[in-house]
Amino acid sequence: MSDTPDGTVVVRIGEVEAYKGSDDPASHAFRGRTDRNGSMFEAPGTLYVYRSYGVHWCANVAAGPAGTGWGILFRGGEVSDGKSLAQRRRGRLDGLTNGPGKLTQALGIVGDDNGTDLLAPESTIRLEPGPGPELVMATPRIGISKGTERPWRFVAATGLTPAG
DNA sequence: ACTAAGATTACCT
DNA sequence: GGTAATCTTAGTA
């Protein structure tokens, strides 16, 4: 209910995927640093934004020591504040953050935001700590053809396991 | 220089 | 279930 008046969208991230740089054939950083993936090689906390399928923006955070190219892709979450702004950005009322491109659009992140320090208090785009999930489910990552044997997609859950 | 393949989404039948 | 949209990198010539 408490939409922030200054136009802020807050999302509780509930689904991520890990990409381990040169050790991970599914990673954009597997073959080393390029113009596109450079920010993933910066200090941990640096935002890496890439154009997906030539159409959507997807957002990651550099998550390893500088130079490693390790990163975390934000895939989904729940809007906890600023829902009306997220709806306006998405152009619809539902399905606001259930996918990497959708989540990024709901947060208003675009290519120009690539390289932002998500841990700096003055950044307009920030990553902040919050209460952890009750349960984390690990599954293979979505939409990749290599490295599928690694269960590096992590989904927040509560209550009982899928098996019951 | 040219072609193929993507860490996806929305809209069509 | 199928497909268009259309940017970047890698592989081939």
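Chain identifiers are assigned alphabetically (A, B, ...) following the order of the sequence lines, protein sequences preceding nucleic acid strands; residue numbering begins at 1 within each chain. Predicted model, so just to flag it, every value in this text is computed and none were measured.
With salt bridges taken as basic N to acidic carboxylate O contacts below 4.0 Å, none links A/Arg150 and A/Glu17.
Side-chain contact annotation: A/Ser80 with A/Arg12, donor-acceptor N/O pair under 3.5 Å absent. With 3.5 Å as the limit, one finds a donor-acceptor pair spanning the side chains of A/Asn114 and A/Ser39.
A/Arg90 comes within 4.0 angstrom of sugar-phosphate atoms only, judged by non-hydrogen atoms across all strands, and of no base. Base contact: A/Leu73 has a heavy atom under 4.0 Å from a base atom. Using a 4.0 Å heavy-atom criterion, one finds that A/Asn60 contacts the bases of the nucleic acid, with or without backbone contacts as well.
Each of A/Tyr48, A/Tyr50, A/Tyr19 was evaluated against A/His28; a single residue qualifies, A/Tyr48, per the side-chain hydrogen bond (donor to acceptor under 3.5 Å, both in side chains) test.
Under the 4.5 Å side-chain heavy-atom criterion for grouping Ile, Leu, Val, Met, Phe, Trp and Tyr, A/Val136 is connected to A/Ile13 within one hydrophobic cluster. Residues A/Val55 and A/Ile109 fall into different hydrophobic clusters, defined by Ile, Leu, Val, Met, Phe, Trp and Tyr side chains chained together at heavy-atom separations under 4.5 Å.
Candidate nucleotides C/dA10, C/dT9, C/dC7 were compared by shortest atom distance to the side chain of A/Arg36, and C/dT9 ranks first.
Taking atom OH of residue A/Tyr53 and atom C1' of nucleotide C/dT3, one finds them 13 Å apart after rounding to whole Å. Between the NE2 atom of A/His28 and the C1' atom of C/dA10 there is a distance of 13 Å, given to the nearest Å.
Searching all strands for a Watson-Crick or G-U wobble partner of C/dT6 with both distances below 3.5 Å returns nothing. If you check B/dA7 for Watson-Crick or wobble pairing at under 3.5 angstrom, you find it has no partner at all.
Rounded to whole Å, the separation between the C1' atoms of C/dG1 and B/dA7 comes to 23 Å. Taking atom P on both nucleotides, C/dT6 is separated from B/dC12 by 16 Å, rounded to a whole Å. Using P as the reference atom, B/dA5 and C/dA13 are 15 Å apart when rounded to the nearest Å.
Along DNA chain B, the stretch of nucleotides lying under 4.0 Å from any heavy atom of chain A spans, 5' to 3', B/dG6 to B/dC11.
Nearest-nucleotide positions on DNA chain B place A/Lys146 closer to the 5' end than the other of A/Pro100 and A/Lys146.
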* **Verdict with reasoning, A/Gln105 to A/Arg90, per side-chain hydrogen bond (donor to acceptor under 3.5 Å, both in side chains)** => CA-CA 6 Å; A/Gln105 186 181 34; A/Arg90 292 278 299 120; 2.6 Å; yes

